[in-house]
**Student:** 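Quick one: the structure is below, questions incoming.
In each ligand, atom 1 is the first atom listed, and ligand 1 is the first ligand listed. Reckoned from all heavy atoms, side chains included, excluding hydrogens, waters and symmetry mates.
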Amino acid sequence: MSKAGVFAMALEQLESAAKRLKISDSTLRVLSHPERELTVSCPVVMDDGRIEVFTGHRVQHSNARGPCKGGIRFHQSVTLDEVKALAMWMTWKCAVVNIPYGGGKGGVQVDVTKLSKEEIRRLTRRYTVSIMPIIGPHKDIPAPDVGTNAETMGWIMDTVSMFQGSTVLDIVTGKSIDLGGSLGRREATGRGVMFNTLELLKRLDMQPCRTKVAVQGFGNVGSVSADLLHRQGCRILAVSDVTGAYYHPDGLPIPDMIEYCKTTRHNVLDGFSAPGVSKIDMNDIFGLDVDVFVPAALEKQITIDNVDKIKARAIIEGANGPTSPDAERVLLKKGKYVVPDILANSGGVVVSYFEWVQSIQSFFWDEEEVNKNLQNVIVRSFEAVWKVAQEEKTDLRNAAMMIAVKRVAQAVEERGIFP
Ligand code: NAD
């Protein structure tokens with residue numbers, strides 16, 4: 001699916017919230033532009049001796065409320081336009097849950113499935129050095145995203161530490177526990193998706209045990225969301241990843257599917273089989289008879305071309321930007337609920353914030369404390385967004401954006417424009 005215009009989509013969402021908030025044209029102009037965009041070329045010696053050059057980006061949208069924060073994506077379809085949109089969404093995400101960060105994002109255009117682990121490690125280290133002038137524990141703190149994980153974060157942390165001459169734990173979040181990561185961080189985004197889903201079900205008078213769910217994407221966000229919703233009693237009828245979609249009319253054996261993925265080279269579902277489970281067409285995941293659909297793969301998955309297929313009453317955006325604005329208008333017209341990405345998948349950055357705090361203090365919390373604090377932040381943020389949506393008679397995205405944009409605009413205006 002084309003990713004052209006993802007930044008235009010982010011701008012459209014900003015403009016809609018700014019209009020309702022009556023933000024001044026000057027402040028809107030500031031918020032519409034990322035503060036900094038860096039594009040780097042990363043030469044890497046491949047295992048066969050060839051030199052490949054990979055293009056990477058790091059975009060800092062806003063540091064008005066604190067250091068920039070956002071993941072690093074390794075994917076073949078990464079573009080500067082996409083990274084700009086993702087950086088802007090990070091600004092709103094941190095603001096809607098009220099943590100003291102701005103928004104940033106990074107990405108390298110690379111198909112990691114075609115590289116060996118050593119090649120990925122060399123690429124990560126080269127990319128890290130290339131963006132090092134603009135990252136730092138109080139400037140911009142990267143984290144994992146599509147195609148990167150705790151191991152990648154460990155390489156970034158080590159690379160920066162080699163240059164610094166001392167270990168810099170707070171340069172990244174999403175590290176392994178051995179390297180000062182936070183308990184609960186790996187599961188945090190999916191856990192946040194689960195808390196958001198439960199909050200919405202409560203308000204719609206729906207019981208988890210009677211709720212049928214489909215999840216697109218079975219990576220960090222999708223697999224944990226599916227697992228935790230399954231543990232809450234929901235029936236996960238379908239999940240998909242880049243290799244295919246799987247369906248069971250009574251509910252999939254999610255824990256077995258997670259264990260299966262661990263045995264495959266790229267953590268994929270390809271080849272999974274179990275009694276009653278059938279493989280279905282990838283695109284059929286959109287049209288299943290479920291109550292909740294969790295897109296947890298990439299952006300622009302629900303578009304004007306497939307929105308009419310969607311039967312789910314609620315869409316919980318595990319991924320960033322999975323619903324195009326025109327498709328969302330159709331969903332809302334049909335009375336469906338869309339819990340927007342900046343709220344639905346904010347669990348990751350909330351626990352990243354907890355990890356950063358723990359790294360700075362060199363004082364680590366137990367997992368129960370992490371999860372409890374995460375729940376408090378998500379429940380409080382969901383309540384605030386729901387309330388604004390009711391008061392302003394608007395949808396959940398607009399409500400979340402209104403809260404977030406207001407906070408960032410206030411910070412921009414109070415700080416004033418330098419010089
Ligand atoms: P990941 O790389 O771990 O997983 C991505 C999954 O999507 C994989 O299972 C992949 O096979 C699948 N996929 C890709 N294209 C697909 C397609 N066309 N159909 C079905 N499945 C497809 O990435 P992730 O970290 O789980 O991130 C997923 C989404 O969540 C992204 O939009 C990311 O920006 C967002 N997100 C991630 C985090 C985090 O903490 N990791 C936090 C907030 C938001």
Side-chain angles (χ1 to χ4, degrees), residues 1-3 6 69-78 82-83 85-87 89-90 92-94 97 103 105-107 110-113 142-153 172-175 181-182 184-193 196 214-227 238-246 257-258 260-261 264-270 272 280-286 293-303 306 316-323 340-353 355 374:
M1 190 144 311
S2 157
K3 294 238 218 101
V6 196
K69 185 88 190 82
I72 289 176
R73 178 174 293 193
F74 283 0
H75 194 270
Q76 56 275 21
S77 67
V78 162
E82 178 188 58
V83 180
L86 291 163
W89 286 327
M90 284 307 299
W92 314 138
K93 195 180 298 184
C94 295
V97 292
K105 200 82 182 191
V110 57
D111 182 352
V112 281
T113 63
D145 192 73
V146 175
T148 58
N149 54 25
E151 188 173 44
T152 329
M153 296 307 112
V172 283
T173 59
K175 306 178 289 285
S182 176
R185 171 60 185 90
R186 193 187 66 78
E187 301 84 1
T189 309
R191 191 174 296 278
V193 167
N196 271 289
V215 181
Q216 185 205 30
F218 206 65
N220 175 286
V221 181
S223 67
V224 177
S225 302
D227 188 38
V239 299
S240 67
D241 73 4
V242 75
T243 66
Y246 296 80
M257 299 178 92
I258 290 175
Y260 178 82
C261 285
T264 65
R265 179 155 173 248
H266 294 291
N267 267 312
V268 286
L269 286 163
D270 196 24
F272 178 80
I280 57 171
D281 189 275
M282 293 264 277
N283 290 320
D284 288 349
I285 194 132
F286 296 101
F293 179 55
V294 181
L298 292 170
E299 53 268 24
K300 280 205 169 174
Q301 296 300 305
I302 304 174
T303 67
N306 61 13
I316 316 286
E317 293 187 331
N320 286 307
T323 318
D341 45 9
I342 60 168
L343 177 63
N345 69 38
S346 62
V349 78
V350 170
V351 176
S352 271
Y353 167 58
E355 178 178 336
L374 171 62

**Student:** Find all atoms of ligand 1 within a distance of less than 4.0 Å from any non-hydrogen atom belonging to N345, and give their numbers and elements.
**Tutor:**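 Those of ligand 1 that fall under 4.0 Å from N345 are 43 (C), 44 (C).
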
**Student:** Find out whether V193 and V294 are in side-chain contact, i.e. whether some heavy atom of one side chain is under 4.5 Å from a heavy atom of the other.
**Tutor:**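 Of all side-chain heavy-atom pairs linking V294 with V193, at least one is under 4.5 Å.
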
**Student:** With a 4.5 Å cut-off on side-chain heavy atoms, are T152 and I72 touching?
**Tutor:**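 No, too far: nothing below the 4.5 Å cut-off.
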
**Student:** Nearest protein heavy-atom contact for atom 8 (C) of ligand 1: which residue, which atom, what distance?
**Tutor:**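 Minimum-distance protein heavy atom for atom 8 (C) of ligand 1 reads G219 N, 3.8 Å.
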
**Student:** Number the atoms of ligand 1 from 1 as they appear, then name those within less than 4.0 Å of a heavy atom of A297, with their elements.
**Tutor:**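 Atoms satisfying the 4.0 Å criterion: 7 (O), 13 (N), 16 (C), 21 (N), 22 (C), 28 (C), 29 (C), 31 (C), 32 (O).
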
**Student:** Between R73 and E299, does any side-chain N to carboxylate O distance fall below 4.0 Å?
**Tutor:**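 Yes, charged N to carboxylate O under 4.0 Å.
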
**Student:** Please assess V268 against F218 for the test side-chain contact (heavy atoms from CB on, under 4.5 Å), listing each intermediate value before the final yes or no.
**Tutor:** CA-CA 8 Å; V268 286; F218 206 65; over 6 Å; no

**Student:** Tell me which protein heavy atom sits closest to atom 41 (N) of ligand 1, plus the residue, atom name and distance to 0.1 Å.
**Tutor:**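 Scanning the protein heavy atoms, the shortest distance from atom 41 (N) of ligand 1 goes to N220 OD1, 3.8 Å.
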
**Student:** Which protein heavy atom lies closest to atom 40 (O) of ligand 1, and at what distance to 0.1 Å?
**Tutor:**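 The answer is T189 OG1, 2.8 Å.
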
**Student:** Answer yes or no: is there a side-chain heavy-atom contact under 4.5 Å between T173 and K69?
**Tutor:**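 T173 vs K69: side chains touch.
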
**Student:** Please report which non-hydrogen protein atom sits nearest to atom 37 (C) of ligand 1, along with the residue it belongs to and the distance in Å to one decimal place.
**Tutor:**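 Scanning the protein heavy atoms, the shortest distance from atom 37 (C) of ligand 1 goes to V221 CG2, 3.4 Å.
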
**Student:** For ligand 1, which atoms have a heavy atom of G217 less than 4.0 angstrom away?
**Tutor:**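 Heavy-atom distances to G217 below 4.0 Å select 7 (O), 12 (C), 21 (N).
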
**Student:** Would you mind checking which non-hydrogen protein atom is closest to atom 15 (N) of ligand 1, with the distance to 0.1 Å?
**Tutor:**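 In this structure, atom 15 (N) of ligand 1 has L298 CD1, 4.0 Å as its nearest protein heavy atom.
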
**Student:** Check side chain to side chain donor-acceptor pair (under 3.5 Å) between N320 and all other residues, then give those that pass, not counting sequence neighbours.
**Tutor:**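 So N320 forms a side chain to side chain donor-acceptor pair (under 3.5 Å) with K93, N345.
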
**Student:** Below 4.0 Å from ligand 1: does a non-hydrogen atom of H75 turn up there or not?
**Tutor:**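 False for this residue.
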
**Student:** Output the list of atoms in ligand 1 that are nearer than 4.0 Å to some heavy atom of R185, sorted by atom number.
**Tutor:**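 Near R185, the atoms of ligand 1 are 40 (O).
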
**Student:** Are L298 and H75 close enough that some pair of their side-chain heavy atoms sits under 4.5 Å apart?
**Tutor:**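 They are in contact (side-chain heavy atoms under 4.5 Å apart), so the answer is yes.
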
**Student:** I'd like to check which ligand 1 atoms, numbered from 1 as shown, lie under 4.0 Å from a non-hydrogen atom of D145.
**Tutor:**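 This gives 25 (O), 33 (C), 34 (O), 36 (N), 37 (C) as the contact atoms.
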
**Student:** Could you tell me the residue and atom name of the protein heavy atom closest to atom 11 (O) of ligand 1, and the distance to it rounded to 0.1 Å?
**Tutor:**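 Residue, atom and distance for the closest contact: V242 N, 2.9 Å.
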
**Student:** Looking only at heavy atoms, is any part of A296 under 4.0 Å from ligand 1, and if so is it the side chain, the backbone, or both, or is it neither?
**Tutor:**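 For A296, the contact with ligand 1 is made by the backbone alone.
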
**Student:** Would you check if T243 and F272 make a side-chain contact, meaning some heavy-atom pair closer than 4.5 Å?
**Tutor:**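 No, every pair of side-chain atoms sits at 4.5 Å or beyond.
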
**Student:** G147 heavy atoms, cut-off 4.0 Å: which ligand 1 atoms fall inside?
**Tutor:**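 Matching atoms, with element in brackets: 2 (O).
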
**Student:** Which option out of T148, V146, N320, N149 puts a heavy atom nearest to atom 44 (C) of ligand 1?
**Tutor:**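 Ranked by closest heavy atom to atom 44 (C) of ligand 1, first place is N320.
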
**Student:** Which of the numbered atoms in ligand 1 are below 4.0 angstrom from a heavy atom of G318?
**Tutor:**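 With G318 as reference, the close atoms of ligand 1 come out as 30 (O), 35 (C), 44 (C).
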
**Student:** Distance check, rounded to the nearest 0.5 Å: S240 atom OG versus F286 atom CZ?
**Tutor:**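 Here the interatomic distance stands at 7.5 Å.
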
**Student:** Check whether any side-chain heavy atom of V224 lies under 4.5 Å from a side-chain heavy atom of T189, and answer yes or no.
**Tutor:**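 Side-chain contact under 4.5 Å: no.
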
**Student:** R73 heavy atoms, cut-off 4.0 Å: which ligand 1 atoms fall inside?
**Tutor:**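 Listed by number with element, the hits are 31 (C), 32 (O), 33 (C), 34 (O).
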
**Student:** Can you tell me how far CD of E317 sits from CD1 of I302, rounded to the nearest 0.5 angstrom?
**Tutor:**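 The distance works out to 7.0 Å.
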
